[in-house]
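Every chain is numbered from 1, with letters handed out A, B, ... down the list of sequences. The shown structure was predicted, so the numbers you read here are calculated from the model rather than taken from an experiment.
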Amino acid sequence: MKSMIAAMLLAATSLFGQVTDYRDVKTPPLRNFNPPVAKRIQLDNGLVIFLMEDHELPLIRGSAEIRGGARDLPAAKAGMMGIYGSAWRTGGTKDKTGDQLDELLESRAARIETGGGDDATSIRLDVLKNDFDFVFPIWLDLLRNPEFRQAKIDLAKTQANTGISRRNDNPQGILIRETQKLGYGNDSPYVRQPEYATIATITRDDLLAFHDQYVHPNNMILGISGDFDSNAMEKKLRDAFGKWAKGPQAPPPPPVGTGMKPGIYFVDKDDVTQANIALVGPGTLRKVPDYYALVVMNEILSGGFSGRLINDMRTKRGLTYSVGGGVGAGWDHPSLTRVQMATKSGTTVESIEALKQNVADLRTKPFTPEELSLAKESILNAFIFTMDSPDKIIGQQMTLEFYGFPLDYYRNFPANIQKVTAEQVAAAAQKYVHPEQLSVLVVGNAKDFDKPLSSLGTVTPIDITIPEPGPAPAPANAKPVATNDEGRALIEKARTFFGGKEKLAAVKAYHAVSSLTVKGPQGGDMAIDIDSTTVYPDREHTVMNMPMGQITLVSTPDASFVVTPVGTQDMRSEQRDNIRRELRLELLPLLMYADEPGRTYTATGSEKIGDIDAKIVEVHADNQTLKLWIDPSTGRILRKSSNVHGPQGPAEAVTDYSDWKTFGGVQFPTRYTQTRNGEPFAHGEVKTIELNPSVDAGMFVKK
Amino acid sequence: MRAIRITIGLLLIAFTASAQDLASFEKRTTVRKLDNGLTLIVMERHEAPVFSYATVVNAGSAQDLPGNTGLAHMFEHMAFKGTDKIGTTDYNGERAALAKVEQTYAAYDLERRKPVGRDEKKVAELEKAWKDAIAEADKFVVPNEFSKIVDRAGAVGMNASTEDDRTSYYYSMPANRFELWAYLESERFLHPVFREFYKERDVVTEERRMSTESNPVGRMVEQFLATAYSAHPYRQPGVGWPSDLATFSATDAAAFYKKYYVPSNIVIAIVGDVNAAEAMPMLEKYFGRLPKAPAPEPLRTIEPPQKSERMVTLHETAQPLYLEGYHRPAATDPDNATFDVISMLMSSGRTSRLYKSLVRDKKLAVQASGFNGFPGEKYPNLFAFFVVPSAGHTANDVVDAVHAEIDRVKNEDVAADELQSVKTRVRAGLVRELDSNSGLAEELASYQTLYGDWRELFREVERIDKVSAQDIRRVATETFVPTNRTVAVVESSKGGAK
């Protein structure tokens with residue numbers, strides 16, 4: 001009793017009366033807040049700089065945004081911005097490689113990062129304050145003199161190609177990509193889908209030319225915030241950039257193109273339990289006079305947990321976890337109207353109908369006073385979060401500058417939202433929401449749908465199969481390769497030395513027993529006994545007895561696998577490719593298939609090997625180049641050089657042949673020594689060869 | 001040698017001159033443990049008139065029991081459904097209607113899951129009775145009222161997440177909404193109401209389809225964890241197995257809430273434009289209402305040592321992926337700092353071991369990382385390696401390269417400058433976190449929950465500073481052994497497509 005009275009007294013006298021209804025909670029006015037302002041400086045050469053002091057932490061962050069991006073490149077170079085954005089940083093400067101920059105920067109926990117997008121490229125800086133004077137010159141050098149080293153371009157291409165190979169693995173990724181294509185059309189500058197073929201055409205010259213064309217002070221906006229003195233920083237920047245001459249202005253935004261005809265589009269994906277659905281059509285521009293009414297409308301449709309979409313599709317119907325969208329208003333080009341969601345396959349058609357209804361309702365279901373006030377207050381009360389940090393403020397200013405909007409644009413934003421009426425929102429819906437202009441896109445597993453998609457109308461399937469790369473394009477400055485008479489004659493002579501055209505054509509299979517000594521991974525020599533059976537054109541079975549045990553390599557067109565003491569596993573792709581290549585490019589098959597179209601033989605010179613003036617023949621076959629040294633008087637092949645994939649990566653393998661013996665009427669070298677990248681690698685001895693043995697087909701079957 | 005020592009010395013000087021150390025943060029941080037056991041942390045940061053909070057409950061999906069996997073996550077969804085005052089037209093009527101829903105569900109569920117002697121006609125009748133009860137209960141619902149109040153007040157970033165170790169709730173608000181926040185956040189855990197439960201179960205099933213079933217990484221990770229762990233609940237998917245998701249009830253969720261959402265199991269951190277001295281009495285008023293209750297019994301099961309390598313292979317049309325994991329102790333283990341350093345060495349930045357070897361030099365992968373705390377850190381967990389092979393390569397192709405880097409860490413002392421680079425980046429990483437209210441709120445509440453002291457956020461950096469090359473080799477040698485390893489691969493039927 002005593003404690004209860006005490007508690008009641010405490011409650012009565014406390015400063016904060018405990019509230020039982022949220023509406024009774026007092027909300028004092030937000031304290032007066034003057035967000036920091038960025039200082040804007042424009043140099044004579046057109047460079048615009050924003051500076052913002054922030055002394056809370058000993059950090060400095062900066063970014064240069066440069067006009068010019070993917071939308072300014074032709075479709076044939078799709079994917080170039082990704083390569084450029086990556087290789088800009090990793091390719092280093094003239095006197096520092098990217099790898100050296102990595103060490104210099106990461107040991108200081110500093111970052112310089114580059115990127116490329118639709119309309120701009122960027123180079124960013126993030127350092128501890130005390131490292132600024134060390135890192136800034138590097139950042140400046142990279143901005144103006146990137147080296148774009150070829151090795152890093154190749155690395156970026158590997159990554160781009162990998163991205164292409166993986167682009168159909170996630171249904172959300174497919175949806176986003178295909179939505180963009182439907183909305184803008186496949187040829188739009190805003191739809192630049194990289195393919196293996198387009199990535200292959202990108203050269204270092206392309207990247208340097210792009211840099212030369214766009215990186216000029218009059219195309220650039222620089223923003224720096226952090227723990228510095230503005231005056232001192234301004235001086236540093238004027239010193240660094242003041243004398244930089246203007247260059248050509250970046251072009252204005254290109255037209256966006258025409259979207260696909262509205263319809264129902266379907267991408268079949270059979271490894272998912274959910275359909276990903278989008279409605280897509282034309283959007284508008286931010287500069288339209290009724291933009292603020294559109295913002296309120298979008299909030300009513302899809303804001304937070306309050307919007308119509310989430311309340312209907314998720315909370316009421318339980319059809320989805322994630323749903324959202326609205327009418328896009330682009331800064332400098334028309335955006336798209338997009339609404340998307342995902343639902344289990346069995347409620348796909350039901351969801352499409354409900355989603356379309358919600359969009360149509362924007363035109364027909366009146367906006368209630370509650371909806372309007374909730375949307376406006378949500379936007380207005382959260383407005384503080386657009387300017388609660390120096391980074392956000394400077395980012396905003398740079399965006400406004402980039403797109404040519406007045407720098408005080410956001411000052412009027414709250415008042416403009418406050419003014420929006422229900423009539424204006426309704427008018428915006430009539431003007432911008434056109435259900436008949438929206439396409440439906442579905443990515444999913446048709447066999448599990450509740451109803452066939454065709455019940456909604458004519459369906460156009462979209463084939464997302466990734467186009468395979470063509471044969472590797474010849475390097476731009478390669479001399480055209482053609483067989484010359486001398487080369488052809490030497491190959492003929494070599495084939496005759498082996499046994500002649502008819503004898504070689506009669507070889508369908510061969511079995512060889514040999515021993516090989518090869519450099520082991522720890523550097524010492526490893527002795528291997530080999531028993532191999534080859535059935536031309538494309539099957540090979542090799543038993544290797546090594547110190548650590550026996551392994552068997554089997555390669556056929558259907559499967560390539562390795563049998564080891566601990567089990568059978570699929571062969572690594574490099575090993576499989578090696579074997580398949582050698583099945584056609586070892587000496588015997590090289591000569592057996594010498595007449596195949598597409599193979600060329602070019603005599604390129606001679607070189608002394610021992611006492612013999614060997615002739616060098618360059619052979620092009622199967623997209624490979626190899627060289628043979630042939631004794632012109634006998635046709636005996638003395639040496640071969642080719643590119644292989646070894647344990648340490650690609651290598652040049654040079655093999656010398658000797659001790660020729662005849663088996664079944666065909667001559668074979670029985671001794672050979674091989675170097676890789678100039679270092680001794682292996683030597684071997686063939687004990688016996690049997691031509692056209694009887695072969696047990698079971699040896700090629702995976703057990 | 002001398003040049004390196006001088007350089008390291010200069011770097012250390014750069015740091016000690018900064019004011020961003022523990023002492024200055026302690027000055028503006030107030031911690032109060034209420035009588036009911038709930039811990040409040042208020043850290044003042046007055047840059048702008050906003051604040052962020054994080055409520056961290058020391059219970060996650062590792063607390064789910066078989067048959068009820070997904071329940072911790074399900075309650076998290078329920079925490080957005082309002083209270084006895086918010087989200088309802090009449091709570092008294094609604095309470096009775098919800099009780100009827102539970103009653104009819106229990107009867108229906110019992111009959112439909114009868115293994116023998118099920119009466120299909122009866123099942124259909126009971127299902128109808130249950131659905132009718134739901135329709136009646138739904139009549140009382142004011143949908144999403146709780147979220148709308150929060151949205152209207154100007155919140156951003158409203159969300160929650162259920163991890164294995166903990167459940168977190170968070171958003172940011174304008175500073176003048178502080179009392180409103182205190183009211184809403186205390187009410188939602190004082191008087192939760194399990195309305196629209198069965199509809200929300202459907203929503204969570206869609207979430208499972210999106211995050212686990214319809215993407216190759218999700219599928220792989222689910223199988224991987226179920227293989228790497230035999231006994232411990234870390235093997236369970238947080239979103240729940242489909243059978244459990246289709247079966248558990250609001251009554252089950254209420255039992256979970258009652259057991260785990262006790263004040264001694266809750267830490268709330270607030271960072272921003274708040275005056276701690278003024279705020280504390282008000283916070284005590286609101287959060288002191290949560291009734292004191294016994295702390296839940298700690299998890300009983302300990303994963304037995306793994307004694308042989310385990311492997312799971314997924315055959316898919318998707319591109320190859322590689323994942324391997326080794327068991328390691330919980331985050332509270334003294335070697336935790338060493339594990340953090342190994343992770344940074346392996347995969348932080350372009351100077352990391354895996355990047356240099358697999359991505360840059362051998363071009364076997366486009367992404368290769370080694371990381372700790374998988375799937376959680378409170379209990380013994382996994383140090384995992386995840387590799388995305390580059391086009392033309394299979395999962396098999398990357399194994400040797402990964403193991404070669406692991407062997408290097410085991411067999412070679414890390415060079416002094418490489419180790420120092422890691423330590424510099426860890427320290428700078430902490431500095432970079434300190435200007436985000438929401439980031440800080442989550443970190444403070446999480447560290448307080450895991451270690452019992454938010455200061456561990458700073459002390460952890462000091463511990464990392466002391467890690468030696470010998471520590472790294474010792475820990476690596478103990479941990480990265482084949483018998484301690486679980487592997488999951490996605491093998492592509494399209495080959496390593498090129």
Check this for me, if you would: do [X] and [Y] make a salt bridge, where the nitrogen-to-carboxylate-oxygen distance has to be below 4.0 angstrom?
X: Asp102(A); Y: Arg111(A); answer: no
X: Lys316(A); Y: Asp312(A); answer: yes
X: Arg152(B); Y: Glu370(A); answer: yes
X: Asp21(A); Y: Lys85(B); answer: no
X: Glu145(B); Y: Arg195(B); answer: no
X: Lys344(A); Y: Asp448(A); answer: no
X: Glu206(B); Y: Arg209(B); answer: yes
X: Arg360(B); Y: Asp99(A); answer: yes
X: Glu113(A); Y: Arg350(B); answer: yes

Answer with side chain, backbone, both or neither: which region of [X] has an atom nearer than 4.5 Å to a non-hydrogen atom of chain A?
X: Asp138(B); answer: neither
X: Glu187(B); answer: neither
X: Glu47(B); answer: both
X: Arg208(B); answer: neither
X: Asn437(B); answer: neither
X: Arg432(B); answer: both
X: Leu180(B); answer: both
X: Ser348(B); answer: backbone
X: Tyr355(B); answer: side chain
X: Glu418(B); answer: neither
X: His77(B); answer: side chain
X: Val359(B); answer: both
X: Val141(B); answer: neither

What part of [X] is in contact with chain B, defined as an atom under 4.5 angstrom from a non-hydrogen atom: side chain, backbone, both or neither?
X: Arg167(A); value: neither
X: Phe385(A); value: side chain
X: Val443(A); value: neither
X: Arg61(A); value: side chain
X: Val25(A); value: side chain
X: Lys152(A); value: side chain
X: Thr273(A); value: both
X: Pro29(A); value: backbone
X: Asp126(A); value: both
X: Asn276(A); value: neither
X: Leu30(A); value: both
X: Ile466(A); value: neither

Among the listed options [options], the residue most often paired with chain B at heavy-atom distances under 4.5 Å:
options: Ala342(A), Gly304(A), Gly303(A), Gly318(A); answer: Gly318(A)
options: Leu380(A), Asn170(A), Asp154(A); answer: Asn170(A)
options: Pro390(A), Ser373(A), Ser389(A); answer: Ser373(A)
options: Thr347(A), Ile384(A), Leu59(A), Thr315(A); answer: Thr315(A)

Greatest number of heavy atom pairs closer than 4.5 Å to chain A - which of Gln367(B), Glu200(B), Lys81(B), Arg45(B): Arg45(B)

Pairs of heavy atoms under 4.5 Å with chain A: top-ranked of Leu184(B), Thr83(B), Thr205(B), Asp273(B): Asp273(B)

Can a donor-acceptor pair be found between the side chains of [X] and [Y] at a distance below 3.5 Å?
X: Thr351(B); Y: Glu103(A); result: no
X: Ser306(A); Y: Asp151(B); result: yes
X: Ser52(B); Y: Ser172(B); result: yes
X: Glu213(B); Y: Gln274(A); result: no
X: Asn445(A); Y: Asp270(A); result: no

Phe178(B) and its ring-ring contact (aromatic ring centres under 6.0 Å, His included) partner, picked from Tyr286(B), Tyr183(B), Phe51(B): Phe51(B)

Six-ring centre of Phe134(A), Arg108(A) cation under 6.0 angstrom, axis tolerance 45°: yes

Atom NZ of Lys356(B): over 12 foreign heavy atoms under 6.0 Å: yes

